[in-house]
Amino acid sequence: MTLEAETKAVVAQFDYTNEDVNKAVKEFIRQMGEGLEKEGTSLSQIPTYVTGVPKGTEKGLYMAVDLGGTNFRVCSINLNGDTTFNLTFSKVAIPRELMVAKSAKELFAFLAKQIELFLKEHHGDQFEKHVRRRMTVTSPEGFKDEEVFRLGFTFSFPVQQIGINKGKLIRWTKGFDIPDAVGKDVCALLQQEIDILHLPVKVAALVNDTVGTLMARSYTSPGKTGTVLGAIFGTGTNGAYVEKLANIKKPVTGEFDKSTGLMVVNTEWGSFDNQLNVLPNTKWDIELDKETPNPGIQMYEKRVSGMFLGEIVRLVIVDLLKKPEVSLFKDENSSTNDWKSTTSIAPNSGVFTQWGLDTSVMSVAAADTTPELVALRQALEEQLHIYSPSLDDAQTFKAIAAAVGRRAARLSAVAIAAIVLQSGTLTDPAYDGEEIDIGVDGSLVEHYPYFRDMIYEALGQIEGIGAEGAKRIRIGIAKDGSGVGAALIALVAADMEKRTSGADYIGELRDTAKNSPSTPADEVAANDA
Ligand code: ADP
Ligand code: MG
C-alpha cells in the first residue's frame, strides 16, 4: 500500500460515527444510574457532600491548599461577591523525601508549616491579632469564630469521602508512599498539625479538582442558573456534576445540608465503560492498555486524555515504521523528499520509547495549516528528532494525530451530553432560554486547537440535544479552578456548619484540642479560656 492509502486505512479505524456517539451516550447514562445505586460499578459516582453551586454573590476571605503530585500551593482568595475574586498564592515543591516519609506526620507537619509561612507573609495583621487574642482573651466570647480562616483542601489522590471535610485515603499514587496515612482521614491529619502550630485555620472542606472547577466556573460565569458540570481534560479526565439527591439511591452517610435537594457527584468517569460495551478498541488501544500499570481500568481516560493521546499516535507510527512497503520517515533517495534530503530518525527519538510522544505535538499538527507544514516539521525535528521529514511524512502524521484527537473530542462529547441529558436542564422550565453552563480545565481542552469545536459538532448530532440544544450549551474554561473552587466549598461548608451545628465551632475546636495528645488540655485552657 502507498503511504496515502495506508494513512487512510488507519484514519478510518479512528472514526467514531454519530451512531457510535449516540449509542455511547445511552450507555453512559445507564452506567451513571448504576453508579448512583451501588458500589463497585465502573462509574464510581462519589457523593461529595457539596449541596449547591455558588451564584457569584458569595463574599469573604478564604484559604485553599492544593496537594498535587509535585507542588503544594497555598492561597487565599477574596471573593468579592460580584463574580470576581482576588487571589494570592505561593507554591513550593514537595521535597522528595517527604513523599516517601516514614510517617504521615512528617508530610502534614511540612504542609502546616507552609500555611504558617503564608499567613505570616500575606496576612500578618490577622495572624498577629489572632496570636495576641489567644494569649490574652479570658472569656470564651472574646475568641471570635470569624477570625478563623476556613480552608478548602484540594487533595488529588483517591479518597473515600465521608463528609464535607472528611475523607479516607484509599491509596497513594504519583510516586507518594507513606503507608501509615492509608485509611486515615487526610483532613484530620492536616488539622492536627495546624493546631499544633496554633494557626487560626480550620480545614473546612475536602475538594476534588473537578468539583473545584464546577464551583469556580459557577461563581465567575453569570447566569440565572448555576453551572451543571465541571470537567477536567488534562493529564487525565474526570467530571463532577449537580445531581438530585433523590436520584442518589446508594446510602450517603454523615451529615450534610438536605435543604437544597441537590448534591454534587464526582463521577470518576475515567473508568466509564471499562467493560468496553461501547468504547472503540483499535489494536493500538489494546497495545497501549497492556503497557500500563493498570490494564483494564480507566479505559475511557485512555482514549481521551492528554497522557494517552500522544502514546496512541506513537504506537500507530511504530507500526507503520515496521512495514517495509510503507515509506513513512524514509526516502529511497533525496529525489523523493520535497526538501531534497533523506529523512532520518535519531535512535534516541521519543518515537521509540513509551510516553515518548507528548500530546502537545498533536496540537502543533492540528494548528499548522501552512501548505508545507513548516511548524509541524520543525516540531518533529526538535521534539522527536526526526530529521528532514518530507511533506508526505508530515501529512501522514497530521492525519493520524487529527484522527486520534477528533475521536477523543467526540468521546468527550459523550460524557458531556450524558450529563446534560441526565440533568434535564434542556427541557427544564427553570432553564427556559438560559444557557447550560459547563466549566472545563486542563491543557488538552485549553490548548488543543478546535477541541471544543469538535465537541460541539458531536453534541449537535446527539438525540435529545441536536443543533438547537448544542447552541444552548456553553463550555467555558475555568482557570485556577482548584483554588477558587476550594475557597467556595469552604464557604458552603461554613454555611452548613452554621445551619447544622448551631455554629459551635469554638466548642468543637476545644474538644479536639483537649483530645489531642500533643497539646496538653491545661495549656489549651490557659490560652483559650
Ligand atoms: P494536570 O492534569 O496535571 O493538572 P494539565 O492540565 O496541564 O495538568 O495537563 C497536562 C497534560 O496535557 C499532559 O498529558 C500533556 O501531555 C498535555 N498537554 C500539555 N500541553 C498540551 C498542548 N499544548 N496540547 C495538548 N495537550 C497538551
Ligand atoms: Mg489540573
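Because the structure is predicted, anything quoted here is derived from the model rather than measured. For ligands, and for the atoms within them, numbers begin at 1 and follow the listed sequence.
The closest non-hydrogen atom to atom 21 (C) of ligand 1, taken over S360, P449, G234, comes from S360. The nearest non-hydrogen atom to atom 1 (P) of ligand 1, considering only T235, N238, I232, comes from T235.
Salt-bridge annotation for D437 and R217: present, with a side-chain N of the basic residue lying under 4.0 Å from a carboxylate O of the acidic one. Looking at D185 and K168, no side-chain N of the basic residue comes within less than 4.0 Å of a carboxylate O on the acidic one, giving no salt bridge.
In this view, L61 and S76, N78, H123, Q126, F149 satisfy the side-chain contact (heavy atoms from CB on, under 4.5 Å) rule, not counting sequence neighbours.
Listed by number with element, the atoms of ligand 1 under 4.0 angstrom from any heavy atom of H447 are 22 (C), 23 (N), 24 (N). Distances below 4.0 Å separate heavy atoms of M307 from the following atoms of ligand 1: 14 (O).
Between G442 and ligand 1, no pair of N/O atoms sits closer than 3.5 Å. The shortest N or O to N or O distance between Y448 and ligand 1 is not under 3.5 Å.
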Run the numbers on E287 and K290 for salt bridge (Lys or Arg N to Asp or Glu O under 4.0 Å), then give the verdict. CA-CA 5 Å; E287 247 178 89; K290 261 196 227 143; over 6 Å; no
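Heavy atoms of S363 found under 4.0 angstrom from ligand 1 belong exclusively to the side chain.
Classified by interplanar angle (parallel below 30°, tilted 30° to 60°, perpendicular above 60°), the ring pair H385/Y387 is tilted.
With rounding to the nearest 0.5 angstrom, the CG atom of L111 is 12.0 Å from the CD atom of E106.
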